[in-house]
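These notes are about the structure you will find just below.
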Amino acid sequence: MSQPFAKLPAWADYGLLPLINLIVAFLVAGLVVMLVGESPIDAAVLMVKGAFGSGDGVGYTLYYATNFIFTGLCVAVAFHCGLFNIGGEGQAYIGGLGVTIVGLGLGNSLPWWLVFPLAILASALVGALWALIPAWLQAKRGSHVVITTIMFNFIAASIMVYLLVGVLKPLGSQAPETRVFGDGGQLPGLGWLLNIIGLDMRSAPLNISFLLALLAAFLVWLLIWRTKLGYEIRTMGFSPKAARYAGISELRIIIITMMISGALAGMMALNPIMGAQHRMQLDFVQGAGFVGIAVALMGRSHPVGIVLAAILFGMLYQGGAEIAFDMPNISRDMIVIIQGLVILFAGALEHMFRPSLQRIFQRVGRVKRETASVVTAGGGQ
Amino acid sequence: MAEPAIELVGIDKRFGAVHANRDIHMLVEKGTIHGIIGENGAGKSTLMSILYGFYQADSGEIRINGVPVKIPDPNAAIGLGIGMVHQHFMLVENFTVLENVMLGVEGAPLLKNGIAKARAELKRLEREYQLDVDPDALIEELPVGLQQRVEILKALYRGAEILVLDEPTGVLTPPEADHLFRILEQLKDQGKTIVLITHKLREIMAVTDNVSVMRQGSVVATRKTDETTVEELAELMVGRRVLLRVKKGEAKPGEIKLSVEHLTVRDSRGVVMVDDASFSVRAGEIVGIAGVAGNGQSQLIETIAGIRTAVSGRVLLDGQVIDITGAADPGELRDRGLAHVPEDRHHMGLVLAFEEYENSILGYHDDPLYLRGPFLDIEAIQADARKKIEKYDIRPGDPRLKTANFSGGNQQKIVLAREMERDPGVLIIGQPTRGVDVGAIEFIHKRIIEMRDAGKAVLLVSVELDEIRSLSDRILVMFAGRIVGERDSDASEGELGLLMAGVEAKEAAE
Ligand SMILES: Nc1ncnc2c1ncn2[C@@H]1O[C@H](COP(=O)(O)OP(=O)(O)OP(=O)(O)O)[C@@H](O)[C@H]1O
Ligand SMILES: [Mg+2]
C-alpha cells in the first residue's frame with residue numbers, strides 16, 4: 001500500500017523533528033515563565049548553567065539521567081512487543097526491595113564489587129516478578145496491561161509504605177526508611193570520570209550505576225535488533241497475526257518481554273538506593289517510572305535516543321531545581337509544569353509537526369531536482 | 001474526438017533509486033472507461049496517487065478538462081472532481097453507510113440538517129446509478145462488494161466526475177465484480193470518466209474503451225480495446241510471450257501425505273465455518289479448493305496449518321496426527337514438512353515494517369542456519385535472501401529494502417520463495433496470485449507445478465476459478481463450510497459455478 005506522504009530522511013526523523021518539538025516546548029514554557037513575571041532568557045541561562053555549568057551540576061544531571069535510562073528502556077522494550085508498560089514506577093519501587101535485602105544483608109560483610117552484582121540480580125528479579133503477574137493476565141486472560149500495571153503501581157506503593165513503617169525501619173527511628181547500609185552496600189562515585197574531562201564533582205551522587213545504565217542500553221539494542229528473541233518480540237509488536245503464523249507463542253513472548261521490561265525498571269532502584277542514599281527511603285522512585293514513558297517516546301524506543309532523551313530530562317530536573325532555588329516567583333510546581341510541557345510536545349504531540357515537515361521536504365526535493373535539470377539543460381546548449 | 005478529461009504530460013517520479021514513473025504521457029477521453037495494466041511495480045498506483053494528490057510528481061503537468069492544474073493534496077483532487085476508490089477501503093468500520101459518506105463534508109457544525117440533506121442526496125445517487133445500499137447499515141456488517149459500493153458513493157457524493165479505481169476486483173467474487181462493471185457502465189453512460197487499474201485482462205476486454213500498458217515506469221502502448229487481444233496485451237506488458245495457461249503433464253499421485261477427517265471449525269463467535277470436511281492430498285498431486293470467498297476455505301487451511309483450532313475431527317500429516325483441538329504449533333508443523341503460503345500476506349505472511357531479509361526467515365527463524373547462538377546471523381540471512389531474490393526475480397533486488405515498499409506481486413514472491421525453498425513435503429497455498437501480474441502468475445504457476453512434479457502434495461485454495469482449473473489435478477468445491485463436490489480437472493466452468501453457488505447442495509438438502 002502506498003503511504004500518503006513520502007518518508008522523511010532519517011536525520012530529519014530522528015534529529016530535526018525532536019528538535020522542533022523541543023524548541024516549541026521551550027517557547028511555550030518561556031511564555032509561562034513570562035506570565036509569572038520572570039525573564040525566560042534568564043531562566044533558560046540558569047537552567048543550562050545549573051545542569052551543565054559545574055561538576056556537581058553535571059553529576060546531578062547524569063544521576064537523574066541514570067534513572068530515566070533504566071525506566072525509558074523498560075518502556076521501550078515493551079513497546080517493541082506492542083505492549084504499553086505503565087508499571088515502571090511500581091516495578092522500580094518494588095525492585096528497591098531486592099537492592100535493600102542484598103544491601104542490608106551483605107553490605108557489612110562483602111566488598112561492594114561483590115555486593116553490586118548480587119544487588120543487580122536481586123533488583124532485576126524482583127522487578128521482573130512484579131511485571132510477571134500483569135503479563136500473565138494479559139497473555140492468558142486478555143486483561144490489558146495498561147490497566148493492570150497502573151493498579152500494580154498502587155499495590156507496590158502500599159506494600160512499600162507498609163514495609164518501610166514496619167519491618168524495614170530500625171527500632172526507635174521516626175523516619176520511614178531503612179538503616180544505612182554497610183560499606184559494601186555503597187557504590188563508588190564517578191567523580192574520577194568527571195575529573196578526566198576537567199570537572200570537579202564534590203557532592204553530586206553520580207555513581208557507577210550510570211555505567212550500568214549505558215551497558216543496559218547497549219544490551220537492549222543487541223537484544224532487540226540482533227537476537228532471535230528480539231526478532232520474535234518485534235514480529236509480535238508489528239503483527240500478532242504474523243507471529244502466530246510464524247509459530248511464535250504469544251504467551252511466552254509477552255511474559256518474557258514484560259519480565260525483561262520489569263527487570264530494567266527494577267534495576268533503576270540501584271542508583272538512588274545503593275548509589276546515593278545508601279538506604280531505602282519512602283518514595284525513592286519520585287516519578288521516574290512515568291518520566292520513562294516520555295523518554296521512550298522521545299527516544300523513539302531506540303537505546304541511543306533514550307540515552308539522549310534521558311540526559312535531557314536529567315537536565316530539566318537538575319536545572320529546574322536551580323531555577324526554583326534562584327527565582328522567587330518560580331516554585332517547584334512551575335518546574336513540573338515546564339517538564340510537563342516538554343513531555344506534551346515531545347511525547348504526546350510527537351507527530352504534530354510531521355505532516356508539515358514532510359510537505360516542506362517534498363517541495364524542497366522537487367525544487368532541487370528542477371534547478372538541477374535546468375542547470376544541465378542550460379549546460380548542454 | 002471527444003474532449004480529454006485527463007491529460008498527463010511528461011509525469012516523472014522517483015523514490016530514491018526507484019524510477020517509478022518515467023516521462024508519462026497519457027490521455028483519457030471524457031465519458032470513457034480507460035484501463036491501465038502493467039507488471040507489478042510498473043508504477044500504476046504511483047501514477048494514480050499523483051493524480052489524486054497523494055504524491056507530487058517531480059516534473060510534468062496534469063490537465064483536467066484541458067486546464068493545467070496543481071494537485072497538492074487529495075482535497076484539491078476532490079475539488080477538481082476526481083474521486084478515488086482504493087484497493088484497501090478507507091471506511092470507518094463502526095459507522096453507518098450514511099455517516100461514512102458524509103464524513104468530512106458534514107456541511108454544518110450541527111449534524112441534524114446535514115444528515116437530512118445527505119440522506120436525500122444519497123437516495124438520488126442510488127436511484128440514478130442503481131447503487132443500492134441501506135444507508136443505515138453498519139460498514140462492518142456489509143460484505144466487501146457492498147463496502148466498495150459505499151466507496152464509490154462517497155466519491156460521487158463529493159461530486160466526482162472522474163473516478164479512479166485501483167484493482168477494485170481483487171477482493172470481489174465474480175458476481176460482485178460483474179455488478180461493479182454494470183455500475184461502471186452506467187456511470188459512463190451518465191458522462192463520467194473512469195480509470196480502471198487491474199491485472200485481469202478479461203476485465204479489461206469486457207469493460208474498457210481504451211487501455212494503456214505500463215512497463216518499468218513508462219507507458220509502452222495505448223490501444224483501443226476492440227482493436228487488441230488478451231495475448232497482445234500480455235506480451236506488451238511483460239515484453240515477451242506469456243503462457244496464459246501453463247502446460248502440465250499427467251499427475252503421478254503417490255502415497256497420502258495429508259488427510260483431513262470430519263473436520264469442523266467454528267469462528268470466535270461460534271459460527272460453524274468448516275462443517276465436517278474430509279479429503280486427502282497425495283504426494284505428486286495438486287488438489288484445488290474452489291469456492292466463493294467466505295465459504296470456509298480460509299478457516300480450513302488455517303486450521304491445517306495450526307493457526308486455528310478445530311472443534312472436532314482429525315488432521316494427519318504423513319500418517320501422524322496433528323493436534324488441532326489444542327494449540328498446534330505452526331513452528332512444529334514446519335519442522336514436520338508443512339509449508340503454508342497464507343491468503344493474507346499483508347498481516348500474516350509478512351511483517352510489512354521489516355526489511356526484506358527479515359521476512360525471508362519468518363517462521364524459520366529457529367533454523368540454526370540463520371543463528372549464531374542466541375544471535376541472528378545477519379550475514380547468512382542476507383546471503384540467503386539474495387539467493388531467493390535472484391531465483392524468484394524479486395524486484396527491486398535489495399534485501400535491506402522495507403517490505404512495504406515492494407509492489408504487491410513482489411511481496412507475494414517473497415512469501416513464495418520462503419515457503420517453497422524449504423522443500424516441504426506438503427505445501428498449502430492460499431490465493432497464490434491475488435494482485436499479481438500475468439508474467440508473475442505464469443512464474444508462480446510453473447513453480448507450483450514443479451513442486452508437484454517433485455512429488456510434493458499441494459493443497460491450493462483460490463477464488464479464481466481459472467486458476468483452480470488450470471492447476472488442479474482434482475477439484476473440491478466448498479460451499480457454506482461443506483465440501484459439496486469433487487470433480488476432475490476437466491470439469492466445466494458452468495458445472496463448478498453451480499456447485500460453488502450451492503445449487504446441488506440445496507437440492508440434496510431438500
Ligand atoms: N513510498 C515508496 N517508497 C519507495 N518506493 C516506492 C514507494 N511506493 C512505490 N515504490 C516503488 O515504486 C515502484 C512502482 O510502484 P507502484 O506501487 O506504483 O506499482 P504498481 O504498478 O501499482 O504495482 P502493483 O501492480 O504490484 O500494485 C515499485 O518499484 C515500488 O517498489
Ligand atoms: Mg498498485
Side-chain angles (χ1 to χ4, degrees), chain A residues 1-10 80 82 139-140 142 219 221-253 256 355-356 358-374 377, chain B residues 12 14-16 45-46 48-49 52-59 72-74 86-88 166 302 305-308 327-335 340 342 344-354 358-359 361-366 370-376 378 402 404-405 408:
Chain A
M1 250 295 279
S2 313
Q3 288 167 307
F5 294 100
K7 239 183 64 180
L8 288 175
H80 280 290
K140 234 10 200 192
L219 291 178
W221 174 82
L222 214 57
L223 168 75
I224 297 293
W225 281 283
R226 286 292 179 271
T227 67
K228 185 184 116 188
L229 179 61
Y231 178 84
E232 296 181 325
I233 291 174
R234 283 182 298 133
T235 304
M236 177 63 82
F238 283 126
S239 166
K241 251 179 149 180
R244 180 98 190 85
Y245 164 78
I248 297 167
S249 154
E250 186 169 358
L251 181 77
R252 184 180 137 257
I253 285 296
I256 291 179
S356 353
Q358 277 166 333
R359 225 166 279 139
I360 291 169
F361 263 83
Q362 255 180 14
R363 219 159 285 158
V364 171
R366 207 162 53 231
V367 169
K368 247 197 224 149
R369 230 170 274 127
E370 266 162 25
T371 44
S373 62
V374 166
Chain B
D12 212 273
R14 283 172 198 270
F15 295 106
S45 297
T46 304
M48 288 305 113
S49 299
Y52 196 57
F54 265 151
Y55 293 133
Q56 301 300 305
D58 297 334
S59 60
D73 54 48
H86 299 273
Q87 184 171 3
H88 301 269
D166 192 349
E302 283 179 20
I307 291 166
R308 275 174 191 276
D329 175 7
E332 189 207 316
L333 294 178
R334 274 191 192 95
D335 290 342
H340 172 208
D344 179 359
R345 62 172 174 253
H346 277 166
H347 300 110
M348 192 177 273
L350 294 167
V351 178
L352 290 179
F354 274 179
E358 293 177 292
N359 271 313
I361 59 166
L362 187 70
Y364 300 99
H365 54 275
D366 278 325
Y370 304 130
L371 297 176
R372 218 183 278 152
F375 295 101
L376 299 173
I378 293 193
K402 217 175 104 176
N405 290 344

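The structure presented is a predicted model; accordingly, all values stated were derived computationally and were not measured. Convention: sequence-line order gives letters A, B, ...; per-chain numbering from 1.
Residues passing the salt bridge (Lys or Arg N to Asp or Glu O under 4.0 Å) test with Arg226(A), sequence neighbours excluded: none. Scanning for side chain to side chain donor-acceptor pair (under 3.5 Å) contacts around Asp344(B) gives Lys241(A), His347(B), with sequence neighbours left out.
Using a 30° and 60° split on the angle between ring planes, Phe354(B) and Phe238(A) fall in the perpendicular class, above 60°.
Per-residue counts of heavy-atom pairs under 4.5 Å with chain A were compared for Glu302(B), Arg372(B), Arg334(B); the largest is that of Arg334(B).
Note that OG1 of Thr235(A) is 8.0 Å distant from CD of Glu358(B), once rounded to the nearest 0.5 Å. Interatomic distance, Asp329(B) CG to Arg244(A) CZ, rounded to the nearest 0.5 Å: 8.0 Å. Atom CD1 of Ile248(A) and atom CG of Asp366(B) lie 8.5 Å apart (nearest 0.5 Å). To the nearest 0.5 angstrom, Leu376(B) atom CG is 10.0 Å from Leu229(A) atom CG.
Under a cutoff of 6.0 Å and an axis angle of 45°, Arg345(B) and Tyr245(A) do not form a cation-pi pair.
In this structure, chain A has a heavy atom under 4.5 Å from the side chain of Leu371(B), while its backbone stays farther away. Of the two parts of Leu223(A), neither the backbone nor the side chain holds a non-hydrogen atom closer than 4.5 Å to a non-hydrogen atom of chain B.
Taking all atoms of both residues into account, the shortest heavy-atom contact from Leu350(B) to Ala242(A) is O-CB, 4.1 Å.
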